[in-house]
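The model shown is predicted, which means the values in this text are computed figures rather than measured ones.
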Amino acid sequence: FVLLLTWFYDKKIIRGEKLLKDTMDYSLAIFFGICLFSLVPALIFGNSMLKWFRELVPFLGYLLYYPVKDTVITLKRIKILCMCFLILIVIVGLENIFQYQQLLGNISYIWEIQASRQTPNEPFFLVSLIVSSAFFLYTKNLRQRLLSLGIILFSGFALMISFSRGYWVAAMIALLLIFIFVA
């Protein structure tokens with residue numbers, strides 16, 4: 001919240017710029033307005049404020065879109081952001097794979113493999129798989145294609161050991177749509 005307040009103060013008070021500029025900005029603002037308005041039905045139907053706030057908290061991270069959008073405006077900054085995301089994917093993926101390997105060592109029956117699933121950070125692997133696949137089909141540079149292929153294989157494996165069928169289906173649909181749009 002300190003980062004968001006600092007960004008808001010700098011953007012609106014110091015520079016005097018508009019907060020919302022394009023369709024995405026307005027769409028996200030409307031989404032948060034609906035999220036905040038959901039307090040009314042929550043109170044009408046007897047939910048506590050604490051439960052409502054607990055459900056709101058995961059969506060608050062999306063507010064970081066605004067300062068990131070204002071900060072990442074050059075190609076160099078975009079590359080830095082992508083490298084940071086890639087490092088995050090690799091660290092989290094290796095941690096999940098290591099934990100999965102440890103849990104596999106403790107199983108006695110084949111059906112216990114599903115109980116060893118690694119579900120943390122599945123959205124990261126889904127996003128990296130889809131974006132890398134699109135980049136792989138787009139780029140002509142051999143080095144970038146090999147890097148993309150490596151990310152595709154790594155993210156695909158990390159997504160597989162999650163045993164999250166919903167993310168598998170989402171990945172298949174997204175990949176199918178990418179191939180339809182490319183063809």
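The distance from the OH atom of Tyr167 to the CG atom of Leu129 is 13.0 Å, given to the nearest 0.5 Å. In this structure, the separation between SG on Cys82 and CD1 on Ile87 is 11.5 Å, given to the nearest 0.5 Å.
Between Leu19 and Trp7 there is a side-chain heavy-atom pair separated by less than 4.5 Å. Using a 4.5 Å cut-off on side-chain heavy atoms (C-beta onward), Phe179 and Leu137 make contact. Two residues are said to be in side-chain contact when any heavy atoms from C-beta on lie closer than 4.5 Å; Val68 and Leu81 meet this criterion. Counting only heavy atoms from C-beta outward, the side chains of Arg54 and Leu50 never approach each other to under 4.5 Å. Counting only heavy atoms from C-beta outward, the side chains of Asn47 and Leu43 never approach each other to under 4.5 Å. Using a 4.5 Å heavy-atom cutoff, the side chains of Leu4 and Tyr66 are not in contact. Between Ile89 and Ile151, every side-chain heavy-atom pair lies at or beyond the 4.5 Å cut-off. Side-chain contact between Phe157 and Met160 is present, with heavy atoms from C-beta onward closer than 4.5 Å.
Each salt bridge (charged side-chain N to carboxylate O under 4.0 Å, His left out) pair with one or both residues in residues 25-48, not counting sequence neighbours, appears once here: Asp25-Lys69. For the side chain to side chain donor-acceptor pair (under 3.5 Å) condition, the pairs that include at least one residue of residues 142-157, sequence neighbours left out, are Ser128-Ser155, Thr139-Gln144. Contacts classified as ring-ring contact (aromatic ring centres under 6.0 Å, His included) and involving residues 131-156 (residues at least two apart or in different chains) are not found.
Every residue meeting the ring-ring contact (aromatic ring centres under 6.0 Å, His included) condition with Phe59, not counting sequence neighbours, appears here in chain and number order: Phe31. The side-chain contact (heavy atoms from CB on, under 4.5 Å) check on Val2 picks up Thr6, with sequence neighbours excluded. Residues passing the ring-ring contact (aromatic ring centres under 6.0 Å, His included) test with Phe53: none are found, sequence neighbours excluded.
With Ile173 as reference, Leu177 is the one residue of Leu176, Leu177, Leu175 to meet the side-chain contact (heavy atoms from CB on, under 4.5 Å) rule.
The environment of CZ in Phe85 is crowded: more than 12 heavy-atom neighbours from other residues, nucleotides or ligands sit within 6.0 Å.
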